[in-house]
There are 2 protein chains.
Amino acid sequence: MSATRDRLLDAFETLLIAHGPRAATLDAVAAAAEVSKGGLLYHFPSKAALAQGQRERLAALGEADAAAMRTAPEGAAEYYLRESMQSGGPLDRALVAAVRLAEESDGDATAVLEELRGHWYDALLAELGDPALAHVVQLVGDGMYYNAVTGVKDPAALDDALAVLARLR
Amino acid sequence: MSATRDRLLDAFETLLIAHGPRAATLDAVAAAAEVSKGGLLYHFPSKAALAQGQRERLAALGEADAAAMRTAPEGAAEYYLRESMQSGGPLDRALVAAVRLAEESDGDATAVLEELRGHWYDALLAELGDPALAHVVQLVGDGMYYNAVTGVKDPAALDDALAVLARLR
DNA sequence: GTCTATATTCTGATAGAC
DNA sequence: GTCTATCAGAATATAGAC
């Protein structure tokens, strides 16, 4: 993996997260990665290729995370909720960036998000044993993400979610 | 309220929902509303003015909805969860459009979303009486929205959420 | 209130030098 | 692998006619 290639993906994600798809232009990405536009287009021949590179990065990080859930000492559910709140890590960044791209109607990004959702649900179900409960825990995590994505602050979310979860099992 | 003005806001929301902020150009909005670009710019002198018009529409619809929650026969929580799943109504459209705009930075859209969130939470708390539970119900609703916004299908969400909610009270 | 025409800047992409 | 130069088309916005 080329270092420049990774810098370009980092810059692309940073712009998507901070200012949305409209700001994530080839010009802006190249400038943020301190490369010329020509340099960018050597690694990613088109904007679609850049988006695809981002999706591949997310898929790799997401699958690793689903595996980590299953062996987490605090259990898959708590690991998942904690992860949903946490902001700024590589997975979180890749996920928020992909959500921004998904809004551009690209069915490809939605497909990756949907597949990862399935992996996370399976890990939750393996721990909790209850499909409806696993589903609701996942929705709570989704809700935390939703707020993070829209910029809404909700600091008490994790504590309240864990408290209610404790009452349910 | 001018009819053309409303048609322009409708077209703006439709484009934001279907294809994201990049597709919601002045040209495209004007064409979808069957008005010329000059006609659009008479009603909304800039793109920022168009976005502001959309935020005002959302604020009005959202406040009316929070009031409706408090008098809903099935109770505020069920009303809220059902509303979060429902797709295509005026409030739903305005909300999804505002989320897309919120990503373009501009704290203004986030401020409206945050304020509406507060109204909905107050209505949930008034029915449920339990802050942590009200918070979790809201997060589940947020989660349903998150999936709707990213295009992920999750048809069983409402039934599972209502089943788990029944166990909690 | 709505239109057409135009100015200006931005955006994605190509070509070719180094 | 990276750069500069350049192009065609799109985007926001203005001016002025009707």
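Chain letters run A, B, ... following the sequence lines, proteins first, then strands; residues in each count from 1.
- Nucleic acid contact for B:L41: base, since at least one base atom lies under 4.0 Å from a heavy atom of the residue.
- A salt bridge between A:E127 and A:R169 is present, with a side-chain N of the basic residue lying under 4.0 Å from a carboxylate O of the acidic one.
- Taking the nucleotide of DNA chain C with the nearest heavy atom to each of A:P45 and A:A23, the more 5' of the two is matched to A:A23.
- Applying the side-chain contact (heavy atoms from CB on, under 4.5 Å) test to B:T4 and every residue at least two apart in sequence or in another chain returns B:S2, B:R7, B:L8, B:V35, B:H43.
- Regarding B:L26, its CG atom lies at a distance of 21 Å from the P atom of D:dG9, rounded to whole Å.
- In this view, B:A126 and B:R70 satisfy the side-chain contact (heavy atoms from CB on, under 4.5 Å) rule, not counting sequence neighbours.
- Residue A:S36 is in base contact, counting any heavy-atom pair closer than 4.0 Å across all strands shown.
- Toward the 5′ end of DNA chain C lies the nearest nucleotide of A:R22, the other residue of the pair A:R22 and A:G38 mapping further downstream.
- Between B:Y42 atom OH and D:dA13 atom P the separation is 18 Å, expressed in whole Å.
- With a cutoff of under 4.0 Å to any heavy atom of chain A, the contacted region of DNA chain C is bounded 5' to 3' by C:dT11 to C:dT14.
- Ionic pairing of B:R167 and A:D130 is present here: one or more N-O contacts between side-chain nitrogen and carboxylate oxygen are shorter than 4.0 angstrom.
- Classification of A:E13 and A:R57 as a salt-bridged pair holds, one side-chain N sitting under 4.0 Å from a carboxylate O.
- In this structure, B:F44 places its CZ atom 14 Å from P of D:dA13, rounding to the nearest Å.
- Here D:dA15 presents its C1' atom at 14 Å from NZ of B:K37, a figure rounded to the nearest Å.
- A single hydrophobic cluster is seen to contain both B:L165 and B:Y145, as judged by linkage of ILVMFWY side chains at heavy-atom distances under 4.5 Å, directly or through other members.
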